[in-house]
Amino acid sequence: MDYKPNEIEAKWREYWVKNDTYKVSNESDRPKYYVLNMFPYPSGSGLHVGHPLGYIASDIYARYKRLSGFNVLNPMGYDAFGLPAEQYAVTMGVHPAVSTDQNIKRFREQMDNISFSFDWSREVKTCEPKYYKWTQWIFLQLYGHYFDNEQQKSLPIEDLVARFEQEGNSKVNAANSNDEDFSAAAWKAMTTKEQSDVLMNYRLAYRKVSTVNWCEELGTVLANDEVKDGVSERGGYPVVQKPVLQWSLRTTAYAERFLNGLDNVDWSDSLKTQQRNWIGKSQGASIVFQMAETSSTIEVFTTRPDTIFGATYMVLAPEHELVAQITSAEQKGAVEDYLTYVNSRSERDRMADVKTVTGAFTGAYAINPFTNERIPIWISEYVLAGYGTGAIMAVPSDDDRDKRFAEKFGLPIIDVVDKTDYPGATLQDKLGKMINSGFMNGMEVPEAIQAAIERIEEMGIGTGKVNYKLRDANYSRQRYWGEPIPITYDKDGVEHPMDIKDLPLVLPTLDDFKPTADGKAPLARKTDWVNLPNGHVRETDTMPGFAGSSWYFLRYMDPDNEDAFVSEKAVKYWESVDLYIGGAEHAVGHLMYSRFWHKFLYDKGLVPTDEPFKKLVNQGMIQGVIEYMYMNKEKVNGFSHFICAKKIKEKGADGFTRIPVNVNFIQEYGSPDSYLNINSIKQFIDWRPEYKDAIFECGKGTYHKGEFTPNSDATDTHLLTESEVGKMGKRYYNAVNPDDIIAQYGADCFRMYEMFLGPLEQAKPWDTKGIEGVSKFLRKLWSLFYTETDLIITEEKATKEEMKVLHTAIKKVAQDIERLSFNTCVSAFMVCVNDLRKLKCHKKEVLEQLAILIAPFAPHIAEEFWHILGNEGSVNLVSYPVADEKWLKEDSISYPICINGKKRAVAHFSPDAPKDEMEKTAIGMDVIQKWLEGKSVKKVIVVPKRMVNIVAK
RNA sequence: GCCUUAGUAGCUAACUGGAAACGCGCUUGACUUAGGAUCAAGAGAUUGUGGGUUCGAAUCCCACCUGAGGCACCA
């Protein structure tokens, strides 16, 4: 009987649904285990073979854990708010809710095809009011709290108000955006509006002026990825930074806890490093410099306060607010010229050449507080407005950039650190002995840093300070398709949170999704919604994409709860995510925001853990081969002109641009010699009619308007394309749909092949041809049960050898699943099946165990076997086999006998043979004696079960 | 420039320092009108390069080269 995956798979899929096989209860005596996938944004192009990789891996793990006695939560849902649906709405007029719904249906069908063990009754969609009610609720909690730096935790804003009333804010050490001191009396004297503004500076969700990418020509605000090189990606119009009052989250408050938390989670080093980079903690001091001629001061941040004696000049960022104020009359022209130059340079220019030293002298001087020297103040674009205070004390002796700057502009350089004891040490190493530094002379750098900070604090000109690169997160989007922000404003502009009992604030329906002409979000059009009877107006910005995804993993625990975002009972049971699998592109954004929300909820006692994701694995991207054609940037005689990639190699790609071609037209797809023949050129023209009159210059002739003009007597030709391994996706016309693969090979085969491609975390190109091997393996496995015509299972007792083959596989597979090394599991299955076939083993005793063993990987065929063998119920609900060492023991082990590490002979010993006997036998062997002629044995190393090594000279 | 990560046969790849395994693919033969499937046999590696530690290195250390990802005038 042949293996017919499609028949078997359809049958069991239906069975599992009918029997609620994957339903998970929050009540169980089994230990819990929570496996999570990063939920997808349901895009219009559906899933390609790259998307399910992580889902399959986590599904295998979830199934394995379930079979190993755990109550496993393995849910799935949709990150359903987002920009693409909104853009689609703008261009096609389809409401985002409608297109999102369609896309979700499509995703669901594709996922169902792969038979994941998701408990779909727990599905969440972030765009549904019953879900985003709680996103809004958490937002209001953030709004209602501030962060106490001393306790390092969030506290209710009412506590802060109470303190203000008692003692003002001078003793309050809290994360804030504006730390102006006021007394209790002053607080009480403030108007409501003033008080609300003060509190806003402390709230974890707060409002401040921040900039948006405003594009006048498009009349809209653009997301960062819609802006390329300072112009809009669409249309290439200029984009400016426009200040707007927007909501932000005070993520910076948790910077220290973000860092500390990383020590307690099982994430990859690369991921942790990325997060640490992002947080960017640096320790140092902030120092105030007095200006020489005026009373103005300049505050700088430095990680090396010890080098202050070497600070021979200062540099301000060109955007620094003092620049205009302090520039002298003589230098005005130079400074203005320089500012013009800086403004002409895009962000990209600035980043591209970091070696060019530019700057201008302001004509002003400051006083170095330690040397009391007058030091000139310069401006230069190497100092960034957005980091620290936007000003530096320049120490040219110990900082490369300062040094290059000083050399170019002839500024003095004073050596302050003697690094002769530490050759090769860099600034970051903080090594050396202080010289030319007054009271610090002779100190080692770390000691000097401490001493400098102490002196700075004594002098009252600064303090030791920790600086972070991490910025607060912008929480406002001038978009429609997101969660409405449940805040209204009264006539004075004082904000009012909505009453919790009135949540959710449902996103009203619109028919025009474009932003308004003055850049307000689309919701501003809905005036009857915006303007409330009590005179309040609603916030019209919506929440960003990360809002709904920052806590969705908690909702899965208790998805239908109408009284809380999750019940205390459910969250106590499931705690947090044990294993999280997802793409590396979310390494900072999503993970940082989730950690922020989670830590906040933890402070409120609403979740039992400080970190949301115990173990996290990034699956590697499945890549596709992208095929490019070369097109002349200039038209030739008014026609588009394509040229063979081979000719490009000869004459270079100048003046040509690459356009991706639908890979279905390509001959020898993926090979270095991939090409289009005349037939494929015709397909290409049908696909892109705008090129129907284009000239195709091929190797052996030219194709134009349906005519092929050969150079010689050729009848066909190759227009070579360039192949490149890259992303798989719609825009490269190289996406492979899992549905197609499954239709041909079955879901079991697809699942195993995805795993077989390589280690989970590694990127690897998709190659449909390779799937044949896995398909062959499944047929071989099938042939252990069936001949062409009959079932051939026997009840015979298994031999020792057969049990050894089985238990070797059990041991290897269980071990490798634990390590998430699924590719080696597939390999182990192949070895096992081949060995059983060699032994002609068709015994139930062995095959039944094998069926369970393979069930996490290939659930359908496993279920089929399970029932063929006469069992009731689902193979998913039994116990996973455990390797029994008694079958793995060897009677005799073969040992390599080495001389000086090189294998010279082989000997067999029983596993418990004594060392000295093995040693004697080994040396006594004829072959070994021959090798030892003329040498004396210095030492013999016997490693049990491994080898014998004779050291001879 | 800095950080992370990986270089082993055409592809994939090894729990701990101990015989360079296994699988896919490939080649040849058998069976077949042919293909597929199956069976039998076989070839294919100086483990990126150069040092070091060790009785012994793919594995540990150092330097370099190459690929991937991230950060980037971060004071």
Undergrad: Out of C55(B), C71(B), A75(B), which nucleotide sits closest to the side chain of K469(A)?
TA: C71(B)
Undergrad: Tell me the partner of G1(B), counting only Watson-Crick (N1-N3 plus N6-O4 or O6-N4) or G-U wobble (N1-O2 and O6-N3) with both under 3.5 Å; none if nothing fits.
TA: C71(B)
Undergrad: Step by step, would you call I893(A) with F909(A) a side chain to side chain contact (heavy atoms under 4.5 Å, CB included)?
TA: CA-CA 5 Å; I893(A) 298 172; F909(A) 300 104; 5.9 Å; no
Undergrad: With sugar-phosphate meaning primed atoms plus P, OP1 and OP2, does G280(A) contact a base, only sugar-phosphate, or nothing at under 4.0 Å between heavy atoms?
TA: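 Touches nothing.
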Undergrad: What integer number of Å spans the C1' atoms of A43(B) and A9(B)?
TA: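 Roughly 10 Å separates the two C1' atoms.
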Undergrad: Taking only Lys NZ, Arg NE, NH1 and NH2, and the carboxylate oxygens of Asp or Glu, determine whether R276(A) and D263(A) approach each other closer than 4.0 Å.
TA: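 Result for this pair is yes, salt bridge flagged.
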Undergrad: Please figure out whether A391(A) or V588(A) has its closest RNA chain B nucleotide nearer the 5' end.
TA: V588(A)
Undergrad: Applying a 3.5 Å limit to both distances, which nucleotide forms a Watson-Crick or G-U wobble pair with U8(B)?
TA: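 U8(B) is unpaired by these criteria.
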Undergrad: In the structure I gave you, are the side-chain heavy atoms of L616(A) and L591(A) within less than 4.5 Å of one another anywhere?
TA: yes
Undergrad: Take atom P in U4(B) and the same atom in A63(B), then report the distance between them in whole Å.
TA: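 It comes out at 12 Å once rounded to the nearest Å.
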Undergrad: Please report the C-alpha distance between E381(A) and Y338(A) in whole Å, then the side-chain angles of each, then the deciding distance to 0.1 Å, and finally whether the side-chain hydrogen bond (donor to acceptor under 3.5 Å, both in side chains) criterion is met.
TA: CA-CA 10 Å; E381(A) 60 178 358; Y338(A) 186 65; 4.7 Å; no
Undergrad: Between A40(B) and G67(B), how many Å separate the two P atoms, rounded to a whole number?
TA: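 Taking atom P in both A40(B) and G67(B), they lie 44 Å apart.
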Undergrad: Going by distance alone, is a donor N or O of one side chain under 3.5 Å from an acceptor N or O of the other, for T252(A) and D472(A)?
TA: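 D472(A) and T252(A) do have a side-chain donor-acceptor pair below 3.5 Å.
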Undergrad: Looking only at side-chain N and O atoms, does T921(A) offer a donor or acceptor that is under 3.5 Å from a partner on Y895(A)?
TA: no
Undergrad: Name the pairing partner of U53(B), where a pair is Watson-Crick or G-U wobble with both distances under 3.5 Å, or state none.
TA: none
Undergrad: Taking the P atom in each of G35(B) and U28(B), what is the distance between them to the nearest angstrom?
TA: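 My reading of the P atoms in G35(B) and U28(B) gives 12 Å.
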Undergrad: Suppose you measure atom C1' in G48(B) against the same atom in A57(B); what distance do you get, rounded to whole Å?
TA: 16 Å
Undergrad: Any strand is fair game: report the nucleotide pairing with U38(B) by Watson-Crick or G-U wobble, both distances under 3.5 Å, or none.
TA: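 Check on U38(B): paired to A30(B), both distances under 3.5 Å.
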Undergrad: Is the shortest heavy-atom distance from the side chain of Y786(A) to the side chain of H842(A) under 4.5 Å?
TA: no
Undergrad: Counting only Watson-Crick or G-U wobble pairs whose two distances fall under 3.5 Å, which nucleotide matches G17(B)?
TA: none
Undergrad: Applying a 4.0 Å non-hydrogen cut-off, can you work out what R779(A) is touching in the nucleic acid: base, sugar-phosphate, or nothing?
TA: sugar-phosphate
Undergrad: Could you go through the side chain to side chain contact (heavy atoms under 4.5 Å, CB included) check for W378(A) and F405(A) one step at a time?
TA: CA-CA 10 Å; W378(A) 287 66; F405(A) 194 84; 3.7 Å; yes
Undergrad: What does the list of N/O pairs under 3.5 Å between the protein and nucleotides 4-10 of chain B look like, with a distance for each?
TA:
from  : atom 1 : to      : atom 2 : distance (Å)
U4(B) : O2'    : S270(A) : N      : 3.2

Undergrad: When you measure from the side chain of N823(A), which nucleotide among C15(B), C74(B), A13(B) comes out closest?
TA: A13(B)
Undergrad: Taking only the side-chain heavy atoms of Y382(A) (C-beta and beyond), determine which of C73(B), A75(B), A14(B) contains the nearest atom.
TA: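 Side chain of Y382(A) sits closest to C73(B).
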Undergrad: Could you encode protein contacts along nucleotides 16-26 of chain B as a string, one character per nucleotide from 5' to 3', using B for base contact, S for sugar-phosphate-only contact and - for no contact, with a heavy-atom cut-off of under 4.0 Å?
TA: --BB--BSSS-
Undergrad: For nucleotides G50(B) and C55(B), find the distance between their C1' atoms and express it as a whole number of Å.
TA: 23 Å
Undergrad: Taking for each residue the nucleotide of RNA chain B with the nearest heavy atom, is it Q815(A) or K764(A) whose nucleotide lies nearer the 5' end?
TA: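 The residue whose closest nucleotide sits nearer the 5' end is K764(A).
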Undergrad: Taking the side chain from T312(A) and the backbone from P412(A), do they hold a donor-acceptor pair closer than 3.5 Å?
TA: yes
Undergrad: By the 4.0 Å heavy-atom rule, please label L757(A) as base, sugar-phosphate, or nothing.
TA: sugar-phosphate
Undergrad: Assess whether a salt bridge exists between R819(A) and D816(A), defined as any Lys/Arg side-chain N lying under 4.0 Å from an Asp/Glu carboxylate O.
TA: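 Salt bridge present between R819(A) and D816(A).
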Undergrad: Do other residues, nucleotides or ligands put more than 12 heavy atoms under 6.0 Å from the CH2 atom of W931(A)?
TA: no
Undergrad: Measure from the side chain of V383(A), starting at C-beta and using heavy atoms only, and say which of C71(B), U12(B), A75(B) lies closest.
TA: A75(B)
Undergrad: From the options C55(B), C71(B), U12(B), select the nucleotide whose nearest atom is closest to the side chain of W278(A).
TA: C71(B)
Undergrad: Can you check the distance between A14(B) and U59(B), where both ends of the measurement are the P atom (answer in whole Å)?
TA: 14 Å
